Amino acid sequence: MRPDTPAETVDHTAEAARLERTAGLYPEDSEALLLRAAAHLELAGDRPTATALYDRLLSSTDGLENPHLVRALKASNLWEYGHEAEARAIIEGVRVASPRDPAPWVIVAEALESHDELEAAHDTFTEAARLLLTDVPQPPQPTHPLLFGRHRVRRMLGKSHDEWDALADTVHSLPITLDELHDPKRVWSLGSENPAELEAEITRLRAELGAYREALSRPFPVAILHWPATELSELLEAYPTLASEYPSHETHLATIESALRELSSSGTPNLGIVTGTVPSYEAFAASEGSSPGDATLLPQYATTLAARGRAVAWPPQQGAACWCGSGRAYGQCHGSDA
């Protein structure tokens with residue numbers, strides 16, 4: 001399903017089945033694909049089948065990239081169809097594990113919030129903020145929902161602003177302030193007979209909907225294909241006809257950075273980098289009925305990886321590691337002369 005597909009026209013059950021089939025074709029991406037399939041099953045109201053997908057992932061012998069995320073999603077789903085005790089146990093397990101990824105924290109905190117466990121939700125958001133944002137000069141984009149969710153819950157609890165709320169205000173970019181968006185009294189405005197109040201509330205709701213759409217949307221970026229040194233050596237050994245595309249690994253890395261900067265200076269938004277592997281590329285070539293030695297497949301392969309959610313945004317955030325895998329900060333590596 002494309003990000004701009006109207007939700008009301010989607011057959012969620014059919015889309016979940018399609019994603020499951022795709023996961024069978026691309027086992028290296030099965031975790032992301034099956035999570036999307038489970039989300040469609042939840043939207044279709046088939047929550048038990050969604051739980052079965054989460055269990056399938058958690059019982060996988062291959063290991064998961066983010067098992068805490070899968071457990072958090074399972075807990076949220078279980079609570080929605082009556083398995084509160086099991087959901088609470090999983091949520092507590094996620095909190096004890098203290099994952100470094102903000103997504104599981106947001107999911108379990110919002111599950112508590114949606115079931116009126118506001119104090120527990122507040123404590124969960126706060127615990128995550130302390131773990132992930134203490135001594136961080138600028139909150140990374142993935143942590144923004146933590147700050148916004150905590151701000152929202154504190155407004156509902158009637159708590160006064162603190163330093164985390166102030167930080168949430170600084171990263172909030174919509175024209176409607178967080179205090180207005182999270183005002184518990186807003187619901188009463190919808191019952192007003194004053195046209196001006198109703199119009200103001202509609203404006204706020206549109207802004208909030210825009211924020212949710214921005215958070216949920218995952219548009220396919222313009223992605224450049226990156227080969228780690230070992231993978232590139234294996235690729236060129238197996239398919240020497242591609243040597244003209246990749247004279248050396250150093251040239252390959254420099255070409256990626258210069259291409260992305262050129263695209264950025266021309267105004268192209270949403271740039272990213274996808275990392276290729278030889279087995280994945282060979283599987284893609286086979287699915288296209290072509291030889292991996294055909295250089296015209298390379299941009300198609302990059303686009304396919306991006307469409308499957310494998311792209312990493314470029315440029316990296318301030319202080320983040322360089323995309324090339326050197327282990328150095330981007331500003332001290334390929335971003336040094338930016």
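Just so you know, residue 1 is the first one in the sequence shown, and it goes up from there. Note that these values count all heavy atoms, side chains included, but never hydrogens, waters or copies made by symmetry. Since this is a predicted model, take the numbers as computed values, not measurements.
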[X]: what forms a side-chain contact (heavy atoms from CB on, under 4.5 Å) with it, not counting sequence neighbours?
X      : result
Ala283 : none
Ser290 : Glu288, Leu297
Glu65  : Glu31, Arg310
Ala223 : Val274, Ala306

When you measure from the side chain of [X] to the backbone N and O of [Y], does any donor-acceptor pair fall under 3.5 Å?
X      : Y      : result
Thr124 : Ala120 : yes
Ser30  : Pro27  : yes
Thr143 : Pro140 : yes

Members sharing Leu69's hydrophobic cluster (side chains within less than 4.5 Å): Leu34, Leu35, Leu41, Leu53, Tyr54, Leu57, Leu58, Leu64, Val70, Leu73, Ile107
In the hydrophobic clustering (ILVMFWY, side-chain contacts below 4.5 Å, transitive), which residues join Val312, or is it alone? none
Name all pairs fulfilling the salt bridge (charged side-chain N to carboxylate O under 4.0 Å, His left out) condition that reach into [range], sequence neighbours left out, sorted by first residue then second.
range            : value
residues 118-127 : Arg95-Glu127
residues 165-176 : Arg150-Asp165, Arg154-Asp165
residues 68-83   : Asp55-Lys74, Lys74-Glu86

Under 3.5 Å, sequence neighbours excluded: what are the donor-acceptor pairs made by side chains of residues 128-137?
residue : atom : partner : partner atom : Å
Thr134  : OG1  : Arg130  : O            : 2.5

I'd like to check the ring-ring contact (aromatic ring centres under 6.0 Å, His included) partners of Trp79; sequence neighbours left out, ordered by chain and number. His115
Report the relative orientation of the aromatic rings in His249 and His226; use parallel for angles under 30°, tilted for 30 to 60°, perpendicular for over 60°. tilted
Apply the test ring-ring contact (aromatic ring centres under 6.0 Å, His included) to residues His172 and His144: give CA-CA distance (whole Å), side-chain angles for both, the deciding distance (0.1 Å), then the verdict. CA-CA 8 Å; His172 174 68; His144 291 185; over 10 Å; no
Under the side chain to side chain donor-acceptor pair (under 3.5 Å) criterion, do Tyr239 and Glu282 qualify, and how do the steps go? CA-CA 11 Å; Tyr239 309 103; Glu282 290 174 335; 2.6 Å; yes
Carboxylate-amine/guanidinium proximity below 4.0 Å for Arg88 and Glu92: no
Arg261 and His334 have their tightest heavy-atom pair at NH2-O, 2.6 Å
Please list all pairs passing the ring pair (Phe, Tyr, Trp, His ring centres under 6.0 Å) test where one or both residues lie in residues 261-296, with sequence neighbours left out. Trp227-Tyr281, Tyr281-Tyr301, Phe284-Tyr301
